[in-house]
Every structure is written in C-alpha cells, then in structure tokens.
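First up is the structure itself, then whatever we jot down about it.
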Amino acid sequence: MRRVPPYEPVDRSQAFPALEVEILERWRERDVFHESIRRREGAEPFVFYEGPPTANGRPGSHHVLSRVFKDVFSRYRTMRGRLVHRKGGWDCHGLPVELEVEKKLGFQSKEDIERYGVAEFNAQCRESVLRYIDEWNELTERIGFWLDTDDAYYTLDDSYIESVWWSLKQVFDQGLLYEGHKVVPYCPRCGTALSSHEVAQGYKEVVDPSAYVRFGVRGEEGVSFLGWTTTPWTLVSNAALAVHPDVTYVRAQVGEETLILAEALAERVLGEGIETSDPVKGADLEGTAYEPPFPYIADYGEHGHTVLLADFVTTDDGTGVVHTAVAFGEDDFRLGEAYGLEVQNPVLGDGTFDERAGPFAGRGVKEADPDILEALRDAGRLYRAEDYEHSYPHCWRCETPLIYYAKSSWYVRTTERKEELLAANEAVEWHPGHIKHGRFGKWLENNVDWALSRERYWGTPLPIWRSDDGEEVVCVSSRAELAELGADVPEDLHRPFVDDVTFEHNGKTMRRVPDLIDVWWDSGCMPFAQWHAPFENGEKFEQRFPADYICEALDQTRGWFYSLLAVSTLLYGRASFETVLCLGLILDGEGQKMSKSKGNVVVPWDVLDTHGADALRWYYFTSKQPWDGYRFSLEAVGESVRQFIKTLWNTYGFMVLYANVNDVGTAALEEVDLTDIDRWALSRLQETTEIAIERLDDYDTTVAGRAIAALVEDLSNWYVRRSRRRFWDGDPAAFATLRECLLGVAKLAAPLTPFVTDAIYGNLDGAEPSVHLCDYPEPDPALRDVGLEWQMSLVREAVGLGLAARAHVKLKVRQPLREAIVVAGGREREAIGRFEGLLLEELNVKSVRYVSEADELGRFELKPNYRSLGPRFGSQMPQVAAAVGGLDADAAARTLRDGGEVHVAIGGHDHALGADDIQMALRPLEGYEVERSGSHAVALDVTIDDTLRREGVAREVVHAVQNARKQAGLDVADRIDLSLGGDAAVLAAVREHEDYLLGETLAVSVDLSGAETGARAEIEGLELLIGVSRV
RNA sequence: GGGCGAUUAGCUCAGCUGGUUAGAGCGCGUCUCUGAUAAGGACGAGGUCCCUGGUUCGAGUCCAGGAUCGCCCA
C-alpha cells in the first residue's frame, strides 16, 4: 500500500541505534530477508560463498568489516534482480579449538590430552567451538548482514567430513597424496607440523641470540672455521659445515689464532683493517675435517664433520661458513641427502632434547640456548655472541616459536599442478587488482607441496588405512566404502572412534594412519562439502559453483583464498570463485594494530550502541578504499553519521514536516509542473544512479557511496535551500520532486545503509513491505539533462562569487543591493539567465546586469589551453604561449565569445585558434568589489541609498521577530498578532514594508503603537520592542 | 635479503588515459543565514604532492634509484 500524507512525523534528533532496532523488528515480522530471496526464485543466481569463521572467540571489528562487505553486494545484486542465496558456515576444527580446551583444562602437552582421553577431549572441543555462536548470530543480525544462519554448514558434521574424505580420495587417485620425509615447520608445543600458509600467519619480530663459533680444523692447532648461527641449540647436532664453491675464503689473523671465513665478510665480522691471507675458493676447502662443537653425536657417516659445498650459502650475513644440522633445516636436509649424511635427530616431538644430547637432555631446545652458549664459551669455542633481531615464524595460534624439524608427513603434490593453479588464478578478478599477480600470484609461483597431516585430535581424520608392514594403502572416500571394505563404521567419524576401525585387505589388517588433516583443506572443500556433495544435493552444487563473489581480509591470501583455489583446481580444474574482494587491516585511530594487550581494541558493540550499524557500515564503505586498511575509531564513525546519515535525515524530516503542515498529496512527477531546479535535482538523481550502478557492478562502494552522498548534499544544501518557500507554500512540484529524490536515494543507498533507507522508504512510499524488496533504480534518460547540470554549476559558481564579494565588503546578505554585474558571454549568460531569480535571491540584489567584456571589472588575460593545444603543437608550445600572450586580449576575447577564431603565426605558418583553445582569465581592476574565477566574475554595486537601507532595516526587523517567535515557543505554522515599538526610523521602515513583514512572520496584524512587553532588539543601533501573541 | 602496497593541508582521504591556480570533509579562525536550528552558508589561514635523477613543450600522475611505514615471504 502506497503511503500518502500525513506521514509519520520525523524526530529530527532521532537516535539511529534505536531506529535500527525498530527496523530489525520490522524485518523479522515481515520476514523481509527470506522474502527478498523468494521473490527472485527462478532468476539468474548470484553465488556468494561464506568463508566460515571460527565461533570460539568473540567477533571483533575486523569481522564486522568483512561481514558488511559480504552483505552489501548480496543486497545490491538481489535488488538488481539476481537470486542470492546466503548460506552461513562455521569452521569448527583445528588447533585453535583444541587450544581453548587445553587452556580451560590446564593442559600443557599432548600427554595430558591422551591421559584425559581423546573422546572426552573432543567432546569438549565440540562444545567449545560454538561457544560464541549466539553472539556471532546476534551481531550478524544487528549489523544488517543478511545470512542464512539457520541453514549454516558446520565443518564438524559427519556429512561435511564425508565430502572432505571424498575430495581426498580424488586427490589420492590422481597420485597426488603422498607421505614424505621432509624438514617441516613444527610447533613443539602443539606437537604437529604446520603448512606453509599457516606458517605465513605467524611471523613476528624477535630477538634471538646469534653466535659466531669456532670449528677447529683437525690437525691445525689454532686454526678454526668461523661459523655463524641464530639457533645455537642446533649446534648440538652439528653434522657438517657448508661453504659456497665459488666464494673466496681467507685466513684472518686475530691475535694468536687464525679464523677461516669468507673474504667479503671478514671486515664486517672481525673489524676493519683485519689481516687476511691465503685466499682460496670454497671448492678447495671441501672435505676439510674439523672438531664439532659438541662431542655427543659423532656418527654422521663418511662426510660427517667435514666441509661440504652448497650453492645456498650467501655472503649477505654471517661468515660465509654455514653450520649444518641435517634434521633442522630444509637446505641442510637436502645437503645431507646429497652427501649421504646420517640423519640424527636428538629432539623429541615435544621440543626437548633426548638422551643423546648429553647434559642438555630433557631441556626444551629454545630454553637451552643460553646454556649452550655458556658451554661453548667454557670450551673456548665461542668467538662472539650477540643479539640478532629478525622476523621468525611462530605458531599462529599458540605463539610458540616454530622449529624446523625433519619428520614424515602426508603431502598433496600441488607443485605438480602448479601451471593449472596459475591458470585458474588468471580467470579470477581480484580487488584490488595488484593481488592477482602480486602477493597471490607470486605465492602461487613459489608453490610448495601442501603439508596436509597434523598429529592432533580435533579435526577431519585422514582417511588412509595402511597395513602394519606398510605394503598396502587404502584411501577411503565414504562411509559406504568403509562398510564395503568390511569395517564397522562408527556413528561419529572423529577420533578416537575412527581410530578403532580396522578391516582386512589382501589378507592384511589395515589400520588408520592416526593423523588429522589441515583445517584449511576443510574450508577449501566448502563449495561442495556445504551441500554434502557429491553424496547428495549434486544439482544444488552444480547451480552454485563457482561463486560469483567472495570477500575476506587480506590475510586469507594464503589461507582460504588459496585453499579454495587449490582444492577446486585439483578437483575441477578451475577456481571456485570468479571475483574476490580483499579487505585491509583495521588499525586504531593512531594507526596502531589493535591488540588485546595494548587495550586499543574497538569493540563492535560499542560502535553499534553509540552510532549504529548504518554509520559503521557507511564508514567502512566510503571512508576509503577498503583494501588499504582503516584507522578506526568511534570518532571516525561519528563523522560519517553527521556527513551523510544526518544530512539525509534532516532533508527527509524537512519534507515530512511541511508535507504534513500543508497537507499535500503525493502527486506523480507527470502530474505537476516541474521547474528548472526540479528538473536539475531529478537530473542529478539520474546521474547518481548511473554512477552507483557502474561502481557497484565493479565492487566499489567507495565511489558509489560518495556519489550518493554528493547528491544528498546537493539536495540538502542547494535544492531545499533554494526551494524552501515552495515547500512552505505547499507547491506540489517541489514535494513530488523531493519525494522522488529521497526515494531514489533510499533505494540507491539501501544496500549500504539498509536501516535508515528502509525507514525513509517505509514512510514516504511503503508500496512494498521494505525498500529491500524493491528493484534497484535504473537511470531514466528522459530525466537526464547534462546541459542543465552544467548551467546550474555555473550559477552556483556565480552565487559563490557574489557571496564572496559581499563578504569582502562586509555587507550582510540581509542588506539588499541595487545590482550585481556578471561577466558572462553567450552560453554562460543564457545559463545564468535561466536561474536569474535564484541568483537575485541568493545575493539579495534587485537586478543583474550582464557584461560580455570585462572593461568595467578588469582586463582579460589570455592563456593557451594546454590540454587541447598540447597534442597539436607539441614542442612548439612555448611559441604558442608567447603568441597567445601577444594578442589583443579584449578584442580576442570578444571574437572568441562570439564563436570566432583568432590567428597566430607559429614557425611561419598561420594557425586558427577557437574558443576551446584559449582560456580567458580575468584580472580585476583595483578598487572594485569583484570576485573572479577563471573567465567568470561577479561584481556588486555597493552603494546603498535610503530606499535600500529602509528595506534592509525591514529585513532586520523580520529577523528579530522570527527570533521572538522562537523564543515564545511558537510552532512554525502559528499565526500571530504583532505589536512593535521603539525607534521611529525603524518603525518608518516597517510601515513602508508592512505587507512583507506580515507575510514573512505569519502575522495577521501589526500594531505599531508600541509593545509594552516582549522582546527587545537592536537594529543598526536603534531600539526595537517586539510583542508576539498567538492568534 | 626478496615480493607487494603506501607516502598529497594539522587529521582522514579524492585526484580518470601526463595539460600549467592540486581538491573534499573534519579541525582552526573570521563572518553570516535562520520557517531543517545542538543543523546550514561564505570567506580565510594551512601543501617544496617523501627525496634525487630521468623522459616530455609540460610530471602529484610515467620511468629509475633512494628513504620511511605497513603487510607478506626467506
């Protein structure tokens, strides 16, 4: 039902958070979200994938950021006619969840968990992971993120796990799933390896001890290799030294001793002017035997404790002699393989030394660093120790420094499909564009195999069963397959139940490999696993693959963006998303990273309670390009309320106030006589609509939102300001125009600020239960008038110039002036003429006089228009500029304004220049009140005769009476009896302009015999007494 | 050490394919309007567009090098 006046009165000091709560209630009552989807049944889908958050912590500002950007384009596409399903999802597995439970139970290690019982531990995890799901859902609703939370997917569901198993089987069948022995980043606290994208999340600046260590050359007393390391604990298992074959090494004399190191680094390490001798190539050092720093482990084979050659050695830092511990570095490990070194790993899974490490046995490796240095010092092997600041990877969840550690793990051989990954990325549209071939593309190019397995408890079990002798390996793709193999399939596919599942295969007993898989693989399976595809809902999956749009923060480049791309490329040969929007970090108002420890975290609820969801959304959408990151604060959001929402609300409130006062109906635009300024406002609406569609289609809320804000600004500060009288008088054209524009704005901005726009729409129209069930506006070419927009901008400039001129002579606008003189030729004169009344009113002048030439006001200066002449004359531009400068300016100006051409001679040739080729600037003459801008200028006749003065006084009186009305608490529509007294000159002026006074102040009568009581005012130093009484 | 991004007014940000007076909002100062009134308008102060070179008739914009900050990776 379309609403007609009287409208609901608008509270102009409306608190928006309260308004939003009302709107939320309305949405619930009317089931608007689901209705908006039902209405698009059968329409072309726009597919959105929800990147599942983990609900075991409270949602923060950065979560709100991605959630509103997920929302805005879903809403926009829905209004544009697409069917947009929005299935929620929750990431349930993995270390973060285990950690929370461990913390709660006071556990320190995996043994604690084993002792406690895996079944009970996982039950706790299941409970813990959704601990904050209610708050998440509440926040999701409060910020206006329309998401189907009732029908969300959970990665812990058996159906989800089964789909993940299926995906692994596909990979297994392609021969891409393998067990490998490699050095991996390993968290000793969590007791598990991490994938490279997990490692990527945890780099931190730290200060580690670094040590320069002597490795005594066997058989040469007093001669040592000088090695350098930032991980002293690995010296316990030193197996060899590595030098670069092509680097020059020298012997440096330091006191009594001789140190061998790279020539290029000798001075930096040992000090300037160090004596060196005997330069040799690294290649010549191969095989040199030396004394290991610690004697505990000796058996590294034939090449143990000798110098080896390696290309990875650099002379960027250290000494050019690299200490090699086979088990603790990727390069070291490969070098060890090449030389056949025995792998000796004296470090246990919990990060402590085993009994092979002599006195350090049982110590955590990092903690042992200082004692190890001390032992070296005592043994005379430490040359120097110092602090070294560098960034080092830490466990992304428990913050323990990682160690690189040789162990076996299951991998997905993504490197074999690298070309396909790159090709899949080519098809993706990234916002911002540079991520595609920058951060993400470079990462793909350096792709390494995906370390898939985790030796943990709460996660998707690796579905691989193996015979005890390792001969037979089966990857299981489903419950059904497991049953077919003769196993008892447990209800719950998690550990520990799945660990008990065994079956016979080729006469051998098959037991499950106890590992879990990386949770990122879980999330990468979401396109099909959310539907339990391919086991069911196959057609749904087909329809909703790939996603048109996904959106997450930049830190997901190596997280979800990668897992989605990799899984679907391996399975389907393409990316599972077509467009991705990357959002930046949220910093505090000072540009510092928000962190609990700093106490500078802005809690979303605070912002919502203070300014509301629209304000927060508007801030995120329009304050800047979202990928650059935000300097976020309550104040910053407050500013966005004032600038946009408050302005919109005031304009809307103004219209409702006078629509109700005047009892005007809602006439259609076709039924009223539009004025030029109406046509201008409507044209601006079309222009804005065009921009909004063009920008939102390109996932750009920033420019779209700013364009809408500019329209609102124009409506408020120009259209309404210039049309006030028509609203007071109830002019139907004005109301029809403003209503049309406000409804247009409501629809244009509905996806961005869904609450306030729905309130406005509901009151001014209400034909639909909600603005969100409307179609997005289309620009109407019939209402667009570009010429009119140009003309209006010219008039506004002229008004600005005139007001500036007034300001300079300090003449109040209230004081009428005789004449404004406007310099304008041809088209410009026509433009201003069209809105002359407006100019007269704004400047409060009696008449406008146009002059084409500037003789009265100043002199023209001519300048070449570089933009048009530059391409034409190129390097001859200096001559052109000189020639133009030499023209008779006034004559040329006259010619050009009449559409003629002027001629200049350049390089002996004659060239014709038109109006577009020459810019005319006005230089004002001394002694005139002239304001100029380019070729435009406005001057004021500032002589004030008595007539004008009396008129000015009358206006002052009106002003004073209005104040008195307000003080008396009268309503804007109240009629009054007015009585005035005071200075005779003032009263004379009033008498002369009595009708004007009556009209302006809504007085039905005026008594000039003097007010006994009432307000006292002063007009140009003369007394005025005002009595006001309501009729 | 490498990759990517950023650097424009006191603050937060615009500035399209290079075009000669670099813009907006906030804040500040001075006025002003008032039938939207704890809003609105005008004017003003405030910029070596990070630095150095280069290309060009012309560079905030393009190129190279450097500085600083951020993120990512070794």
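Note that these values count all heavy atoms, side chains included, but never hydrogens, waters or copies made by symmetry.
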Salt bridge (charged side-chain N to carboxylate O under 4.0 Å, His left out) involving A:E951 - partner list, sequence neighbours excluded: A:K846

By salt bridge (charged side-chain N to carboxylate O under 4.0 Å, His left out) - contacts of A:E445 (at least two apart): none

Residue pair A:L738, A:Y658: steps toward the side-chain contact (heavy atoms from CB on, under 4.5 Å) verdict: CA-CA 12 Å; A:L738 186 53; A:Y658 288 104; over 6 Å; no

Proximity to the side chain of A:R867 - top-ranked nucleotide from B:C16, B:G35, B:C4: B:C16

Those residues that, when tested against A:F835, pass ring pair (Phe, Tyr, Trp, His ring centres under 6.0 Å) (two or more places apart): none

Any A:Q556 side-chain heavy atom under 4.5 Å of A:V580 side chain: no

Sugar-phosphate only, base, or nothing, as touched by A:Q879 at under 4.0 Å among non-hydrogen atoms: nothing

B:C50 and B:A45, which share atom name P, separated by this distance in whole Å: 23 Å

Base B:C71 paired with A:R439 side chain (donor-acceptor, <3.5 Å): yes

Whole-angstrom distance between B:A22 and B:A14, as gauged at atom C1': 11 Å

Touch class at under 4.0 angstrom, heavy-atom based, for A:T651 against every strand present: base

Distance, rounded to the nearest Å, where A:N662 contributes CG and B:G35 contributes C1': 11 Å

Protein-nucleotide distance (A:R12, atom CZ; B:G35, atom C1'), rounded to Å: 10 Å

Pair assignment for RNA chain B - dot-bracket with | for other-strand partners, Watson-Crick or G-U under 3.5 Å: (((((((..((((.....[...)))).(((((.......))))).....(((((..]....)))))))))))).

Sugar-phosphate only, base, or nothing, as touched by A:V720 at under 4.0 Å among non-hydrogen atoms: base

Check: A:H611 ring centroid to A:Y619 ring centroid under 6.0 Å: no

Atom-pair distance (CG on A:L583; P on B:C72), nearest Å: 15 Å

Atom pair CZ (A:F735) and CG (A:N662), whose distance is rounded to the nearest 0.5 Å: 5.0 Å

Closest to the A:K624 side chain, choosing from B:G25, B:A14, B:C4: B:A14

Euclidean distance, atom CD of residue A:Q815 to atom P of B:C33 [Å, nearest integer]: 11 Å

Whichever of A:I435 and A:N865 has its nearest RNA chain B nucleotide further upstream toward 5': A:I435

Close N/O contacts between protein and nucleotides 38-40 of chain B (under 3.5 Å):
unit_1	atom_1	unit_2	atom_2	d
B:A39	O2'	A:N650	ND2	3.0
B:G40	O3'	A:N717	OD1	2.9
B:G40	O3'	A:N717	ND2	3.3
B:G40	O2'	A:N717	OD1	3.1

Rounded distance (Å) that lies between atom C1' of B:C72 and atom CD of A:Q556: 14 Å

Whole-Å gap separating P (B:A24) and CZ (A:R706): 14 Å

Residues forming a side chain to side chain donor-acceptor pair (under 3.5 Å) with A:Y652, sequence neighbours excluded: A:N763

Nearest-angstrom distance, C1' atom, B:A67 to B:G27: 30 Å

Set of salt bridge (charged side-chain N to carboxylate O under 4.0 Å, His left out) partners for A:R439, sequence neighbours left out: none

Side-chain heavy atoms of A:V641 within contact of A:W618, under 4.5 Å: no

Can you give me the N/O atom pairs linking the protein to nucleotides 56-66 of chain B at distances under 3.5 Å, or say none if there are none?
unit_1	atom_1	unit_2	atom_2	d
B:C57	N1	A:G874	O	3.3

Separation of B:C16 C1' from A:D700 CG (nearest whole Å): 13 Å

A:L869 or A:R814, whichever maps to the more 5' nucleotide of RNA chain B: A:L869

Touch class at under 4.0 angstrom, heavy-atom based, for A:R955 against every strand present: sugar-phosphate

Whole-Å gap separating C1' (B:U32) and CG (A:N844): 13 Å

Sugar-phosphate, base or nothing in reach of A:G999, heavy atoms under 4.0 Å: base

Pair A:E639 + A:R642: basic N to acidic O under 4.0 Å: no

Mind listing the N/O atom pairs, protein and nucleotides 5-9 of chain B, below 3.5 Å?
none

Gap in Å between the two C1' atoms, one belonging to B:G44 and one to B:U7, rounded: 28 Å

Partners meeting side chain to side chain donor-acceptor pair (under 3.5 Å) with A:D628 (sequence neighbours left out): none

Check: A:F561 ring centre within less than 6.0 Å of A:W430 ring centre: yes

Rounded distance in Å between the P positions of B:G58 and B:G19: 14 Å

Rounded C1' spacing from B:U52 to B:U48 in Å: 13 Å

Test log, rule side-chain contact (heavy atoms from CB on, under 4.5 Å), inputs A:F632 and A:L616: CA-CA 10 Å; A:F632 187 66; A:L616 180 52; 3.6 Å; yes

Any residue meeting side chain to side chain contact (heavy atoms under 4.5 Å, CB included) with A:S723, in chain and number order, not counting sequence neighbours: A:I677, A:Y719, A:R726, A:F727

Nearest-angstrom distance, C1' atom, B:A64 to B:U56: 16 Å

Gap in Å between the two P atoms, one belonging to B:C49 and one to B:U8, rounded: 11 Å

Nearest listed nucleotide, side chain of A:F654, among B:C26, B:A36, B:G19: B:A36

With sequence neighbours excluded, residues passing salt bridge (charged side-chain N to carboxylate O under 4.0 Å, His left out) with A:R872: A:D917

